Amino acid sequence: MPLLACLGQFLVILDVSVMNVALPPLREGLGMSAAALQWVTIAYVIPFSGFMLLFGRLGDLLGQRTVFIAGMSLFTLASLGGGLAQQPWQIIAARAVQGLGSAAVAPVTLTLVSTAFSEAAARSRAIGTWAAVASAGGAVGCLVGGMLVQYLSWRSVLLINVPVGLVVLAGSLAWLSRTRPAGTAKLDVPGAMLVCAGLAATTYGISRSETLGRQAAGTLLPLAAGLVLLALFVMVEARTAAPLMPLRLFADRGLRAATVGIVPVGVMFVVMWFFLNLYAQNLLHYSPLQAGLSFLPHSLAIVVASKTAARLAQRTGTKTIIAAGLAITAAGSLWQCATMTVNGTYLAAFLLPGLVMSLGLGYAATALTSLTTSSVAAEDTGAASGINNTARQMGGALGLSVLSAVVTAHTRQDASTATPAQLAEGYGLVFLITACLFALATLVMLAMVPSRAGETPR
């Protein structure tokens, strides 16, 4: 059961990054603008983050097996539709449906893994494996995408999900045990719609600032609407009888800290793969396969860090690993900013700073996930998993929108007409901003995370 859960999580996280390598040929094949191109990623991440809370709760009520199979079925069908897309709107729509299926799979996988082991040390190791698989999915997606695009086409990065998804579905039907539903309580569908619509409107407003300007009505109105919708979501959660995000859970200091800390981690997992891939193909002139292979060491670094984080946390404490992981990522991001030039080399401008960032992300993501699950009672694990995944993916969606707008504002033109020097400066600015973000996050976590947090589950 944990193996299937990890495989499902790997597949949906991989799909966040697997499209990155395919973006340049996809743009050419479908005639997409640079502004529309980022929505191939964002359209996946918004429903992924917006509906995870709903499906996490649905898994508690209907059973994890049912929700997992339904989500994987939807993901597989949407992958087929995306692989056959002929127009830009079709690929964006297919990616949105993929994100919806992933939203059903992701919170369920963490619940399946964390509840499969009753002993704390075994559960901690299992969560480390889950985090390693999930984290590595981002980097491996670049490698897989590069191979498929190089030898087949951009469509293959979507169509390959179909046979893999069918294998996971067959295994789920055969081996996932049925669980007794926890009840028939009402689902907070209004809450799910509000959080998803709020995130979509906010992201849309940010993306519009690239072409309309930050003061334009077309930018400010969606931003204001998004913030209002998100505020309404919090109000609904405070009043409804069966909230998607039970606000009482945030009474626990550990969960509050883990939720805040996972947001910058989510930003970096999306932004690092997205902009490093653009740097590799646009400025270092790598082929899709070369770009994908370039990320393999990053993947291995994340796996190593994720697998060793649990053992290190037992010796030094979860708080120490969280702070160290965030600080290491800040240092790697600053290094990346300093070396990202037009004439950069793979070793100095790509590999070494990328390895530092990957190690830091592996440590931080695993420790924060462990803190999330250990901070709540067993019956709230599904809701806590949804909160963790939602915060992480919301960070990715908003972070990519904001930093894409930063690059566009810095170059003052479309990426296709900007000079190499302008692109290098824009990409470097992205990593300067993330370095500052992670330095701030390190200080915040040192203040928020309780000492020896996450060592003893409730």
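Everything numeric here is computed off the predicted structure, so don't read it as measured data.
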Minimum heavy-atom distance between [X] and [Y], given as atom pair plus value:
X	Y	result
I321	Y363	CG2-O, 3.8 Å
T76	N161	CG2-O, 4.3 Å
A323	L446	CB-CD2, 3.6 Å
A301	S358	CB-CB, 3.9 Å
A349	Y279	CB-OH, 3.7 Å
G81	A94	C-CB, 4.1 Å

Stepwise side-chain contact (heavy atoms from CB on, under 4.5 Å) test for I387 and F250 = CA-CA 10 Å; I387 291 171; F250 290 98; 4.0 Å; yes

So, [X] side chain and [Y] main chain: donor-acceptor pair closer than 3.5 Å or not?
X	Y	result
S370	T366	no
E425	Q422	no
T372	L368	yes
R155	G83	yes
S156	S153	yes
Q90	Q87	yes
K319	P450	no
R256	M448	no
T442	A327	yes

Look up atom [atom1] in [X] and atom [atom2] in [Y], then write down how far apart they are to the nearest 0.5 Å.
X	Y	atom1	atom2	answer
L152	M147	CG	CE	9.5 Å
E237	L194	CD	CG	8.5 Å
L283	H285	CG	NE2	6.5 Å
F438	I328	CZ	CD1	12.0 Å
M32	I92	CE	CD1	4.0 Å
F269	R392	CZ	CZ	4.5 Å

Side chains of [X] and [Y] in contact at under 4.5 Å (non-hydrogen atoms):
X	Y	result
L148	W154	no
F75	L100	no
L351	S294	no

Start with the C-alpha gap between F55 and V105, add the side-chain angles, then the distance that decides, and say whether side-chain contact (heavy atoms from CB on, under 4.5 Å) holds.
-> CA-CA 8 Å; F55 286 114; V105 172; over 6 Å; no

side-chain hydrogen bond (donor to acceptor under 3.5 Å, both in side chains) against Q150, all qualifying residues, sequence neighbours excluded |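 side-chain hydrogen bond (donor to acceptor under 3.5 Å, both in side chains) check on Q150 returns S287.
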
side-chain contact (heavy atoms from CB on, under 4.5 Å) assessment of L284 paired with Q290 = CA-CA 10 Å; L284 300 184; Q290 288 175 319; over 6 Å; no

Compute both the distance and the angle, then confirm whether R95 meets the cation-pi test with Y44: under 6.0 Å from the six-membered ring centre, within 45 degrees of the axis.
->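 Yes - R95 lies over the ring of Y44, closer than 6.0 Å to its centre and within 45° of its axis.
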
Dump the intermediate steps for side-chain contact (heavy atoms from CB on, under 4.5 Å) on V263 and M394, then the final yes or no.
-> CA-CA 7 Å; V263 171; M394 285 180 70; over 6 Å; no

For Y346, ring-ring contact (aromatic ring centres under 6.0 Å, His included) partners two or more places apart =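 Testing Y346 for ring-ring contact (aromatic ring centres under 6.0 Å, His included), a comparison that skips the adjacent residues, returns F350.
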
